Structure formats: structure tokens, C-alpha cells
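To keep things clear, I will list the structure first and then write my remarks on it.
Naming convention: chains lettered A, B, ... in sequence-line order (proteins, then strands); numbering from 1 in each chain. The structure displayed is predicted, hence computed values, not measured ones.
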There are 4 protein chains.
Amino acid sequence: MIIHLKSSVTAEAAATLATQSNAFHVISEGVNVLILGSGVKEVPAALENYTDNSWVFPNDMQLASRKYRKETRTVKIGNVEIGGDTHNTILIGGPCSVESEEQIRQSSELLVGLGLTTLRGGCYKPRTSPYSFQGLGLEGLKLLAKMREEYGLSVITEARDATHIHEIIEYTDVIQVGAKAMYDQGILRACAKINKPVLIKRGFGTTVQEFVQAAEFVLSGGNENVILCERGLRTFETATRFTLDLCGVAWLKEYTNLPVILDPSHAMGYAYGVPSLSKACVAMGVDGLLIEVHPDPSVAKSDASQQLNHQEFTELLGQLRAVAASVGYKIV
Amino acid sequence: MIIHLKSSVTAEAAATLATQSNAFHVISEGVNVLILGSGVKEVPAALENYTDNSWVFPNDMQLASRKYRKETRTVKIGNVEIGGDTHNTILIGGPCSVESEEQIRQSSELLVGLGLTTLRGGCYKPRTSPYSFQGLGLEGLKLLAKMREEYGLSVITEARDATHIHEIIEYTDVIQVGAKAMYDQGILRACAKINKPVLIKRGFGTTVQEFVQAAEFVLSGGNENVILCERGLRTFETATRFTLDLCGVAWLKEYTNLPVILDPSHAMGYAYGVPSLSKACVAMGVDGLLIEVHPDPSVAKSDASQQLNHQEFTELLGQLRAVAASVGYKIV
Amino acid sequence: MIIHLKSSVTAEAAATLATQSNAFHVISEGVNVLILGSGVKEVPAALENYTDNSWVFPNDMQLASRKYRKETRTVKIGNVEIGGDTHNTILIGGPCSVESEEQIRQSSELLVGLGLTTLRGGCYKPRTSPYSFQGLGLEGLKLLAKMREEYGLSVITEARDATHIHEIIEYTDVIQVGAKAMYDQGILRACAKINKPVLIKRGFGTTVQEFVQAAEFVLSGGNENVILCERGLRTFETATRFTLDLCGVAWLKEYTNLPVILDPSHAMGYAYGVPSLSKACVAMGVDGLLIEVHPDPSVAKSDASQQLNHQEFTELLGQLRAVAASVGYKIV
Amino acid sequence: MIIHLKSSVTAEAAATLATQSNAFHVISEGVNVLILGSGVKEVPAALENYTDNSWVFPNDMQLASRKYRKETRTVKIGNVEIGGDTHNTILIGGPCSVESEEQIRQSSELLVGLGLTTLRGGCYKPRTSPYSFQGLGLEGLKLLAKMREEYGLSVITEARDATHIHEIIEYTDVIQVGAKAMYDQGILRACAKINKPVLIKRGFGTTVQEFVQAAEFVLSGGNENVILCERGLRTFETATRFTLDLCGVAWLKEYTNLPVILDPSHAMGYAYGVPSLSKACVAMGVDGLLIEVHPDPSVAKSDASQQLNHQEFTELLGQLRAVAASVGYKIV
């Protein structure tokens, strides 16, 4: 249950009420908001006098539900807004891993040259084997920060686990919670205390319900800048790396108020399919795409098979602009 | 292995060679073609003198492989062609089940009014319970045939099992092999002996490899008019009915030479998601869509939740035309 | 809803009532039984006067439900009974495919020598490729019948599709409905009209609910001799061929009144795992096992990797007898 | 590749070689062991002179592979050993969550009374919603430690994320890495530096290959006391909570040298199926079971439906002892 307290209740009083009611307390657009478990179906007697408005829910998708907020939330990445009534589809590009200054600089120049604004690149890679390339870590974060400074790009990178989440928060503009880290409360709770946008990737074995509940960890801690990212389910089909769940995306757009970004590169796992999947995503009117692009995919230290080269990426952008226009959206 | 025999070999001689080599024999565009298992990696000695050209394959996707025929095959449905270099996306509409003459007439008039050409409607419903509505059977087939006669529409309906496949073949223009019947050799082998187009739906637990091999049953029997249809996988995600596998579609378009049609209605299971999924499919440049539309979905005898009403369908068509145009395709 | 009619109602009258009520009519243990859809929650007015007892159900698992019949049904295979209070676990052995008289004779002698009673062997193989070995067909059925005559064994083989179901019914003691044919109403409805035991394998993409509903097609037609067979789900895990669903078996044993047999050979796909899985199944107190055994697995024409040789099978039998005894069961 | 260095190489020299070769270095049974990526197929020239023995592998399952160590590793939990040639199956019992001193004391007394040695109980619950009971945290850990002191039980509890892994390591005898935390390198790398046993649960969307690679993170850091735990996959079947993958267990036992423990409670999700599944697991000859038992399951704060009560647990133990004996094992 979500309760909007009356404007006469101070933030301090609201915090006290929250503690007494075992509720979360956030302040959103000047309103003191209490969030109780969805099992609570009636305003508790102790809160009745202070309640201005309340919402009940069938399950723990509450702050993220369209039943609570009908409009998609607006999230700002650098100077670009997505969600709300912007009809913007942000195209975030960059390599799977930050590998060197030269490499990430080439990626940055590609994006800037194409009029794009946001650079991705992994620094702490969530590899499944200890014997694979694990990413440049802090050194990679510093390279991303340098690119931001030099090129004016926003940067996004992934937190692999809670041990380096504070570094990630310090150095990046958007914190990515990876698919394998999506249940990591150490990460989620740290992201709940900041105001930077948080992009949560859906686990490949995660239901949409659980996915949205991960967002609730961040929202209920006071950070409203949450973006959902679908990147493919693990199914019995192994001819492709994962199975991009666009039915799930349709569900997310129907029932949640959060912007949704898609990652066709990881879903497909092979560059040949990325362009047509990207067009499919854009035609749905999603809020953004994450696409892996590398100056020379054949020598990439991770995910070599799924990264586009610069020419492929450039051509794709032109096609995506046409598809976006056909559904009333704009690639930014 | 596929072998093209020399033009000097007569059809009778080719048939004899096929029998001797335990091979399939088809005549395609005037060429005598033998098909052996993919385990055969060299032209057998007994065939060497008669062989004009040959292809080896890593697995039993042979006639359907782009390694054999680089171009997508063209299939004609009524007066409409898909595949090849047509850049046509056929929109096939109609109710889940044929329920009455009045209902199927309304559907027919909707399609004709919108300039569409092909009507779907189930007569033998592959219900999972004996206690559900099982379809009108032969009576339904006759209603479909009547619509064809009166409105000039092509009609497509599903064979549930081999006991009525000959009725289906007699009454319809396109034979649909349902997702649950996809392994049914009684159906597939009957379809192999005719020339009408056969639309094979992918089983919800079927890999793309097995899916294409089902097409090989039809192709190796001599019927080249095969269309593949993706309609969603059964995954752990149950918030939607199935999970439409567009990664798999990208694979099919890369590796096979068969037209691919998509069925977003069954994949999604809920009307709210059908428009955005349909746009996604069209943006990929697929060869067609199957969309369920019913004069009054709320009273439909099957799949009530996923059928669009006439207004929704009409609006969607306009949007699909715009998306198709943005990728160089045309809705027919 | 299931209705037991009063004993004063004749079979003819019951049949008439069934037609009027759009219900199935079967006679079970001398009682006229009507079965209506599970949506019916109250005895229809027209049937009230004839009703002796009635059961309502939350879904279309009705005749197979323990809510209707508390005890597991007894099914007789040759002279052996399973289910009921027999505490018998039948061990059905034999090759994947009947390949030759010599081969199937060796299998028969193995079974007879070990005191076992039932022989399996595929004749119509549901291969996913037209280029694989498809089975001996009718010739294989005749070999199975010969083995029954000579060795007194019961035989079980699989119907691939409806075109040869009547041959299967004629030649075998137990009709196996294969995993890929499980939704085939042509097969199920033919099996509903006979009295021979029908073993239905669960599709690898089939929920337990749908699985039991397939049994309802047979039960509602009047054949009470239905056995369920779990043989593995298709999941993302491909290190083994399928994933044997023993959680699902626990559910079947809790909620249905049908005997349950398991097929660890197909689930595992590799001989090394068959013994330990077989022991697991027996320890659950299941009603039977299907295990593939071949005189020389290395030359088998299908499923070579998963078949045990005679020595492995013999050793396993000894271990299974010990495990069965530890849970109060007996291998038969 | 794994390399055993000659005994003449000191630990310091080995460490230097490891750094130079970008290899992991551990000392196992007095031998200096270097581990390189599995892509390395020949002993590097720089190491040739120091190499005593070497093993190559087709993939990154190296230290855990039976190709490296043929025998199952022995792991000691308190005074009990599992694995090796012990033929012990450890039965670990206790509630889903530690809820109060009284509750966990009742569980402890149950175990001690039954001659069991190891107590489980969650303190940091990996709930998917922020609005659910999250566990007692450190207070729970202290209660577990108290039980160890008073009853001589070993205790095991789960690390939810890396923020509290050091508390878990301090307070418990076996560190459990939960299914949702299985990819968490913050946890795995912390566990790699200690000598306490680490039980890693397989993620519900994780392949056996990836599962074993998680163990490689711990093994390659020098902690050899790793136990694998299968607890069910997330599949399309939702009638049960998860699908226990015993085929996968057969694979783990065939290809890895690590003890394997099973968790039928979480897999099934319902108490009714836990006894028969537990018997199945024991009959496979696994190294242990984790079973949830609660003084009063109906009031449990988490997973109420799947916990056995004390009487059910006691009865089950008797049955498990019989099954274990039938396969030459002993419940400890």
C-alpha cells in the first residue's frame, strides 16, 4: 500500500510515522510518501488522520505500477530525457569492455560524430569463469570519466558486485545493475540512496514481476530514476545466445511506469541479428537501446561475436531513425 | 547432401538412382534433385557420373538452407506473393475459431474492406482438454470455402491431426500445421505430396533446428511451398502466454531460404500487447503476420483475451503500413 | 463436473441424458457416469432427478483427479498389475528401435532370463528429420508380436501419428503415445475406444496440467487403463538431453489417480546417468520404469548413447530391487 | 591448464612464476599448483623446466574436473566428513529463516535428538521484494552461534551479498552462497581466501557448466572445501516451485570431483513432495540433503508451504536411513 500523507505532516513527522508503521518513507515531488507491504489492504488506524490519498495493490509492484502513477516516469541522462511524453529513444553505444584508452576514444569519437550522447563500456566484467578477462576495473572507470570530460558524453558501466559499487557510483552517470547482479541488495540499496539514474538489467532467469520488484528496492529507498532493461531470457533455444522477451516488454510498458531500454546485442549474441532486432525494438516505441560496437570486433576481449563494427553501427543508426519516425519517436 | 543430376538423366532414371541410393528424389525447376542424409559428405561412387552439382551440410537442414539456395523462396497465396524479392508482408486476419456464418462473414468483410486478401479461422481446434469447444470441423471448413467463393479471399486453417488432413487440403488454400502438430508425420507427409502452400508453426518447445527439419519433411517430398511461422516459446515467464522468439526469427532469416510469418496474437495471449509486437515484427522485415481479430472478442469461444476487435485491427493496419514503409516493405 | 447417475437409469437413458447435456458418458464399474466441463459448478436442473452423486473441480482434471477417485487406479499389463495397492514397480526394458529379429530376440531373452515381463521397442520412430532411420514400421510390429508369442512377453510400442494407430492397437499390449504425439487427438480418441492400457508420455514442453488433460481424452471416452509417463522436460540445460521432472512426478502422485511410469533413458540421454536416475525414481515409489537396453548400444540405429548394454541392465536390476525393497515396493 | 610444479620450486618462486604467467597459484597437499586458462593447451616455454605434471581441459572446468582429480574431494563439516570414500549423506535441517531464539532452539533440539549434526537457518534472506521479511541479520547469526555453542551443532547460513560476507564467515561453520548470489564475485573471492567449507547453490537459471565455474573461483583462490548444491531450475512448469534437476546431478557426479548436496525443499516448494523427492536424492548416492523443518510451518515468516514439521521430518529420517542403506550409504 502506498500512502500520500497530508501536506501538514512534516518530513520529520512522516519519518516517525514510517518507523512506527514499519513502512518505507520517501519524499516525491514534495509529498511525503509511505510504502507498506502489499498485504496491507486498508490504511492502518494509526495513519488514518494523516492520510491524504492511498493505493492498494495485488502484489509488491507498487511504486513502479501504473496503478500508482499513470504516466511513464521521466529520467534524465546527461542532457537527454527519456520516458514521460518525450518520445525519445536513446541509443547507447560502446564496446562490451573498456580495453584501452585508444579503443574507448575511438568509440567516443564514433558516438560524438553521429550526434549520440551516451557511452557504454564494461570495467568490472561479470565473467562466469575466473580464467577469463575480468575487465580493467578502476582503471577502466577512469578512462570512462576521461571520455566524459573530453567529449561531453554521459557514461554508463556495470556494477558486478557490492564491493565496488561506490566506485561505480562515483565515476559514472548511469549505474548499470547487471543481469547476474539484479538480486544483489548490496548494490540495489546503495543505488537507492543516490539520485543518479540506475539501469537494472533483467536476469535471464527472472520473471517480469521479480524484475520490477528489484526496481522497488531502489524506488522505496528514495531514488526515482530507475530504468528497466530487457536483455534476453535463457531458454532451451541455444542457436542464439538468449531469447529477447518482447512480450515481456509489452507487459512492462502496460503495467509499469518506468522507462524501458533494450539490449539486443546480448540477447542475440551474434552481430548478424542485431540490426533487425534493433529495428523491432524501436518499432515498439521503447525508451532506448544498448548496442555493442567495437572498432574491431574480431580482437575484442569479450563478446567478440556480437559487437558491430563502426560502419555497421552507422548504417543501423540511419535505419533506426526511419523506423523511429514511423512510430512517432526520435533517436537521441 | 543434395545432388543436382545432369540434365541428361531422365526423371525415371533419377527415381531409380534415388531408390538405389536410399535418397529422396524431387524435381525442382526442371532439375532432378536427390537428397541424401547430411552424414553423407562425398558424392557416392554410384552417382558420380550423373552428378552435375552437389552441396554438403553440417546437419539435416538441407533443402531449406541458404547454403543450398541463397534467395528466399517465393510462395504464392492466392494472387499475392511473399518472399523472393517482393518485400511484401502479408497480413492474415480472422478469428481464432470459425464460430458461425455470421461471424466469419463479418471477418471477411472487414478484410476485404481493408484491402487484405487472406482469412484465417480454426475449424479443428487443438484444445488441451476434451471438455472445451473443439471447433466446427467440416462445417467450419465449408464456411471458409463459402467465404472464399463470395469474397475472393484465400483461406487458411489448421490441421489438428492426420485424421482430417485430407479435408483440410481439399477445402483450404494454405494448410496450417499447428504448433502442437508440428512433429506429426501423418500431416507433414500428406502435405509433401501436394502443391498448396503449407504454413508450419513452430512448436512452443521446439528448437529452430527441429523446426526447419519439419519443413524438410515437406520439401523432400516435393512440395516447395513451405512457410515457417514463429508463434512463441513456452518459457518460465507466465505473465504473458508465450515468449515470441525474435532472436530465433533473426536466425531463420539468416540461415534458411523459407519465408517467415509471425503470430504475435498467440505469443502474447493478450490483446493489449498485439499492436506493439506486430510493429516489432514488421520492422524486422518478416514475410507476414497472423493476427486474430473477432467481431466481439468478449464472446469468442476460444482465445477471447488475445483477439483484437475490428477497430483495433483497422488502426493497427495503418500503423503497420507506416512501419513497413520505413523498412522498405509493403503490407498486402 | 462428474455425475454418477442413479442405478435406476439405464445405459440407454444415460446416453440420451449425456447427449442432451452435451456431456461425455462412460460406464465405470457398473455406474453410468456423465462428465461435463469443469466450468459447470452445479448439477444442471435437467439432471437433478437422475443424479446419485456429483463432484465439482477447479479445472479440467476431473476423471484423473484424486478428488474424484482417492485410490490410484490399477492397470493390468499382461499378468502384472500396477497401481492400486500393489506396490509393484514394473521394469519395462528393450531397445530404442526394433532393428532386426535377432536383435529383438536377444532383448526378449534378456528380459525373460531376468524374470521380467514387458518388452519395449520402437517401430514408428518420431524422428525430427526425414533423413534419419524411421523405424521398421509394420514389419517391426510383427516382430514384437512374434516375441510375445514365443516368450510370453507383453509388448509396448509407440504411435507416431494417427495414420497407423490402428496397427499399433492391433499388434501391441500397451499403446504408447509418444511425447511428440501427446496432443494428437487422432491417437487419443482412437485409444479412448479400446480397453488396452495406454501409456501417455508427457511432452517435453508440456505442463503437468495439460499432461493430465491428455489422459482425460482417453478416460472420458471410456478407457480407464491410462498410465502417465514422465520422460524429461526441455530446459536451458543442454549438458543432459532433457531434465527429468521428479517434482512434477510428486505432483502427479499427489493430485492424480493414475499410475506413473518414468523414462530415465530419454531424460538423461547418456547411459552413464541412467542407473543413478533409475534408483532415484524407484525410491519415490513410482509404478514403473522404461529403460532402454540394447545388445550392442554402439551400433544402435537410434539413441545409441543412452542405451544400457545387457550387463549394465542386469546389474542395475539387482540394485533397483534393493532400493524398491527399502521403500516397500517390488520390481516386477 | 593445470600445472604441478616440481618439488624443488619454492612457494615464493611458484608465486613469481604465477605472476609472470598470469596464472593462479595455490598450494594443495604440499604441491605448488599453477592454473592457467583452459585455452592454454601446451605448457608455456617459461614454465617447462619447472613442470612436474600438467593437465589440459576442453573448457574452464579445471580444478573441479575428474580429469584432474579422479576421486571426489572430502569436505569436513564439524566432525563429519562427506565425499571421498565415506559413503556419508549428511542431512542438514532447520528452518528457512532464523526467527527467534525459541524457534531456532527447538530446531536445534530436534536435530540433536535425532543424532544429526548440522543446523541451517537464514539470517540475510534474499527476498525478491523490499516489502517482505528480510531476516534477522547479525542478530540471527548470533543466535546460530549460540546454538553451536550450546548444542555442538555445526551451522550454515547464506550470504545474500558481499556487504555482509565477512560476518557470515566469522559466525558460521559452512558459508552458503545462495542461488541468487552464485555469480557474486565479491562473495566468491572472499570465500576463496578462507578454509571453511563453502556450499554453492546453483542458480535457477544456471547451466551446470557455469555452476562448476563458480566453484573454480573459490578453488583457484586456494580454498579446496567446496560443496555444490542443486536446488531446482526455473522452468515453464509452475505447478511446483522449481524443477529439481537430477539429470544435472548425474552429470555433476560424473564429471566433477566435488561433493554434491541437494535441496528438495526449495525445488518442490510444497511439503507434500519433500519426502519422496528426498528419498529419490538419497537413492542416487548424493553427499547430503538440505531440508527445511520448522516447529510450526503455518506461522513461518518465509517459505511456509515447503517446511516440514518435526514429526514429518522425524518420520522421513527413518525412511531415508533405509533408502541410504539400500545403496550402501549412511545418513549422518
Side-chain angles (χ1 to χ4, degrees), chain A residues 1 22-24 35-40 57 59-63 124-134 160-165 178-190 192 203-207 209-221 233-236 238, chain D residues 1 22-24 35-40 57 59-63 124-134 160-165 178-190 192 203-207 209-221 233-236 238:
Chain A
M1 166 174 276
N22 199 21
F24 288 80
I35 312 109
L36 295 87
S38 61
V40 183
F57 301 92
N59 56 52
D60 280 358
M61 179 168 77
Q62 301 190 119
L63 290 164
Y124 292 93
K125 301 303 299 173
R127 306 306 291 268
T128 58
S129 162
Y131 313 121
S132 303
F133 173 64
Q134 307 287 318
R160 184 171 64 200
D161 59 62
T163 58
H164 51 253
I165 178 64
K180 295 191 189 103
M182 197 209 79
Y183 297 106
D184 188 326
Q185 296 185 19
I187 292 176
L188 294 173
R189 290 176 193 275
F204 44 70
T206 300
T207 61
Q209 179 72 33
E210 281 186 8
F211 182 27
V212 178
Q213 287 176 187
E216 295 277 336
F217 276 95
V218 179
L219 295 166
S220 65
L233 307 184
R234 184 167 271 173
T235 67
F236 64 83
T238 57
Chain D
M1 166 174 276
N22 198 21
F24 287 80
I35 311 109
L36 294 87
S38 61
V40 183
F57 301 91
N59 56 52
D60 280 357
M61 179 168 77
Q62 301 192 118
L63 291 165
Y124 292 94
K125 301 303 299 173
R127 305 306 291 269
T128 58
S129 163
Y131 313 120
S132 302
F133 173 63
Q134 307 286 319
R160 184 171 63 200
D161 60 62
T163 57
H164 51 253
I165 177 63
K180 295 194 191 99
M182 197 210 77
Y183 298 106
D184 188 327
Q185 296 185 20
I187 292 175
L188 293 172
R189 290 176 192 275
F204 43 71
T206 300
T207 61
Q209 179 71 33
E210 280 186 8
F211 182 28
V212 178
Q213 288 177 186
E216 294 277 337
F217 276 95
V218 179
L219 295 166
S220 66
L233 308 184
R234 183 168 271 175
T235 68
F236 65 83
T238 56

Check: Side chain, backbone, both or neither: which part of A:F211 has a non-hydrogen atom closer than 4.5 Å to chain D?
Finding: neither

Checklist line | Heavy-atom contact with chain D under 4.5 Å, split by part of A:Q209 | finding: neither

Check: Yes or no on side-chain contact (heavy atoms from CB on, under 4.5 Å) for D:Y124 and A:Q185, after CA distance, side-chain angles and deciding distance?
Finding: CA-CA 10 Å; D:Y124 292 94; A:Q185 296 185 19; over 6 Å; no

Margin query: Rounded at 0.5 Å granularity, tell me how far OG1 in D:T235 sits from CZ in A:F236.
Written below: 12.5 Å

Next item on the list: Please round to the nearest 0.5 Å and tell me the distance separating atom CZ of D:F133 and atom CG of A:N22.
Entry: 11.0 Å

Notebook entry, point to check: With a 4.5 angstrom heavy-atom cut-off, which part of D:F217 approaches chain A: side chain, backbone, both or neither?
Noted result: both

Next item on the list: Select one option (side chain, backbone, both, neither) describing which atoms of D:Y183 are under 4.5 Å from chain A's heavy atoms.
Entry: side chain

Check: Hey, which of A:D184, A:T163, A:L188 has the most heavy atom pairs under 4.5 Å with chain D?
Finding: A:D184

Next item on the list: Among the options A:G203, A:S220, A:G178, pick out the one with the most heavy-atom pairs lying under 4.5 Å from chain D.
Entry: A:S220

Note to self: Quick check for you: among D:P130, D:G205, D:A181, D:S129, which has the greatest number of heavy-atom pairs under 4.5 Å with chain A?
What the structure shows: D:P130

Next item on the list: For side-chain contact (heavy atoms from CB on, under 4.5 Å), just list the numbers for A:T207 and D:R234, CA-CA rounded to whole Å, side-chain angles, deciding distance to a tenth of an Å, and then say yes or no.
Entry: CA-CA 10 Å; A:T207 61; D:R234 183 168 271 175; 3.9 Å; yes

Margin query: Within the 4.5 Å heavy-atom criterion, are D:I187 and A:D161 side-chain neighbours or not?
Written below: no

Item checked: Closest contact, heavy atoms only, A:L63 versus D:Y131 -> CD1-OH, 3.8 Å

Check: Just checking, is any N or O donor in the side chain of D:T128 or A:E210 under 3.5 Å from an acceptor N or O on the other one?
Finding: no

